[in-house]
A.B. asks: 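Take this structure first; my questions come after.
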There are 2 protein chains.
Amino acid sequence: MTQKPASKSECTAAMLPVKDALEVLHGRWTLPIIIALRFGKKRFREIAREVEGITDKVLSKELKELELNQLVTRKVYDSFPPTVEYEITPHGESLGAVLESLRTWGTAHRKKIMGRK
Amino acid sequence: MTQKPASKSECTAAMLPVKDALEVLHGRWTLPIIIALRFGKKRFREIAREVEGITDKVLSKELKELELNQLVTRKVYDSFPPTVEYEITPHGESLGAVLESLRTWGTAHRKKIMGRK
DNA sequence: GATAGTGCTTTCCTATAGTATAGTGCTATC
DNA sequence: GATAGCACTATACTATAGGAAAGCACTATC
């Protein structure tokens, strides 16, 4: 699909939203967290346990970012030991299609590059 | 779409290829380069001019990575002033669908977060 | 009354990505 | 014969992501 003469503005326009999306998905932890939450709402400690290797500091930071991006909501029940629930938003759920296409391509890529598995 | 009990292995399996795909797409420059090449084969200097801000060193490194990932091919014509042509492979082209879904989601995200534009 | 669990925050440190700048061997042009 | 273009490579720096470890206010349990 080799197209038109390719002006700079065309490239930029084509790229901006893609860049936005990738900025949301980038880091090492964003994805594992989102995927964990796609299986149902969870508390801080639960996420920390499921996303192995992450430190509290980083998890806390990532969750803040996800909240800013309106991908998850944070509900605080101020009970005796603090209870905070994180839940994915509809907007977060809408990442499903993106994840699916990444998964499809990633699978093909993996076969291509690594031969198998 | 809140699903099953969510075992660790399920999450991992769901994630691996997605992670692979994101690893290919990550960095600041990969995408601009790929998009530039989707408009047609180009020489080193042409890419350098189109992807503004990139330095030669980084471009050279990124192109090597893309070649390793079999997303672009490198053809050297050993003429008087060196001529090297980079062209996207079919596998590289197959990123189109991914890019498209990233673009779609990114557009929605942009509207949601920034209010407009 | 010591211990453990909760959801964080703080400090300090390292690794990696990216930047800036210059240089190389060669040629064609002025 | 100076300059500029080509496709790189080299060196040395900065910025950002993330890691390790501890602390905090609080409570329920032993």
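Letters A, B, ... are given to chains in the order of the sequence lines, protein chains preceding strands, and every chain is numbered from 1. Note that this is a predicted model, so its numbers are computed, not measured. Scope of the values below: all heavy atoms of this structure, side chains included, with no hydrogens, waters or symmetry mates.
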A.B. asks: Do B:K64 and B:E67 sit within salt-bridge range, that is, some charged N less than 4.0 Å from a carboxylate O?
C.D. replies: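 Looking at B:E67 together with B:K64, the answer is no, because their closest N to O distance does not fall below 4.0 Å.
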A.B. asks: How far apart are the closest heavy atoms of B:W105 and A:A21, and which atoms are they?
C.D. replies: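 Residues B:W105 and A:A21, closest heavy atoms: CE3-CB, 3.9 Å.
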A.B. asks: B:G27 near the nucleic acid: base, sugar-phosphate alone, or nothing, with a heavy-atom cut-off under 4.0 Å?
C.D. replies: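 Here B:G27 touches the backbone only, sparing every base.
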A.B. asks: Figure out the CG/C1' separation between A:L63 and C:dT6, and round it to whole Å.
C.D. replies: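 Checked: the CG to C1' distance equals 15 Å.
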A.B. asks: Without decimals, in angstroms, what is the distance between A:K64 NZ and C:dC8 P?
C.D. replies: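 In whole Å, C:dC8 P lies 8 Å from A:K64 NZ.
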A.B. asks: Measuring from the side chain of B:T55 (C-beta onward, heavy atoms only), which nucleotide among D:dC6, C:dT21, C:dT9 has the closest atom?
C.D. replies: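 Selected nucleotide (nearest to the side chain): C:dT21.
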A.B. asks: Between C:dT6 atom P and A:D56 atom CG, what is the distance in whole Å?
C.D. replies: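 Nearest whole value for this atom pair: 10 Å.
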A.B. asks: Establish, with yes or no, whether the OP1 or OP2 oxygen of D:dT16 is under 4.0 angstrom from a side-chain nitrogen or oxygen of B:R28.
C.D. replies: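 No, no such contact exists.
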A.B. asks: Side chain of A:K57, base of C:dT10: donor and acceptor closer than 3.5 Å?
C.D. replies: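 By the distance-only test, no, there is no pair.
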A.B. asks: Under a 4.0 Å threshold between the charged nitrogen and the carboxylate oxygen, would B:D20 count as salt-bridged to A:K112?
C.D. replies: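 Salt bridge between A:K112 and B:D20, a charged N being under 4.0 Å from a carboxylate O: no.
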A.B. asks: Return the value, rounded to whole Å, for the distance between atom NE2 of A:H26 and atom P of D:dG18.
C.D. replies: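 Rounded to the whole Å, the gap is 6 Å.
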A.B. asks: If you check every side-chain atom of B:R43, which of C:dG18, D:dC6, C:dT6 has the closest atom?
C.D. replies: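 Of the candidates, D:dC6 comes closest.
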A.B. asks: Let me spell it out: for each of A:P82 and A:S60, pick the nucleotide of DNA chain C with the closest heavy atom. Which residue's pick is nearer the 5' end?
C.D. replies: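 Result of the comparison: A:P82.
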A.B. asks: With a 4.0 Å cut-off on heavy atoms, is A:Y77 in touch with a base, just the backbone sugar-phosphate, or nothing at all?
C.D. replies: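 If one applies the 4.0 Å heavy-atom cut-off, A:Y77 turns out to touch nothing in the nucleic acid.
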A.B. asks: Determine the contact category for B:V58: base if any of its heavy atoms lies under 4.0 Å from a base atom, sugar-phosphate if only primed atoms, P, OP1 or OP2 are that close, otherwise nothing.
C.D. replies: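 If one applies the 4.0 Å heavy-atom cut-off, B:V58 turns out to touch a base.
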A.B. asks: Atom CG of A:L59 and atom C1' of D:dA17: how far apart are they, to the nearest Å?
C.D. replies: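 Atom CG in A:L59 sits about 15 Å away from atom C1' in D:dA17.
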A.B. asks: Identify which nucleotide among C:dC8, D:dG19, C:dT6 has an atom closest to any side-chain atom of A:Y86, counting heavy atoms from C-beta outward.
C.D. replies: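 Looking only at heavy atoms from C-beta outward on A:Y86, the closest nucleotide is C:dC8.
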A.B. asks: B:R74 has a side chain; which of D:dA7, C:dT19, D:dG19 sits nearest to it?
C.D. replies: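 The nucleotide sitting nearest to the side chain is D:dA7.
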A.B. asks: For A:E62 and C:dG7, give me the distance from atom CD to atom C1', rounded to whole Å.
C.D. replies: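 It works out to 16 Å between those atoms.
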A.B. asks: So that I can tick it off, tell me whether B:K42 and B:E85 are bridged by a salt bridge, with the cut-off set at under 4.0 angstrom between side-chain N and carboxylate O.
C.D. replies: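 Between B:K42 and B:E85 there is no salt bridge, as every charged N stays at least 4.0 Å from the carboxylate O atoms.
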A.B. asks: Return the value, rounded to whole Å, for the distance between atom NZ of B:K75 and atom P of D:dC8.
C.D. replies: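 After rounding, the gap between these two atoms is 15 Å.
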A.B. asks: How long is the line joining CD of A:E46 and P of C:dG5, in whole Å?
C.D. replies: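 Distance check: A:E46 CD to C:dG5 P gives 15 Å.
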A.B. asks: Could you tell me whether the phosphate oxygens of C:dT10, OP1 or OP2, come under 4.0 Å of any side-chain nitrogen or oxygen in A:K61?
C.D. replies: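 Checking A:K61 against C:dT10: no side-chain N or O falls below 4.0 Å of OP1 or OP2.
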A.B. asks: May I ask you to evaluate whether B:R49 reaches the phosphate of D:dG5, defined as a side-chain N or O under 4.0 Å from OP1 or OP2?
C.D. replies: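 B:R49 to D:dG5 OP1/OP2: no side-chain N or O under 4.0 Å.
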A.B. asks: In terms of relative ring orientation, are A:H109 and B:H91 parallel, tilted or perpendicular, with 30° and 60° separating the classes?
C.D. replies: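 The rings of A:H109 and B:H91 lie parallel, inter-plane angle below 30°.
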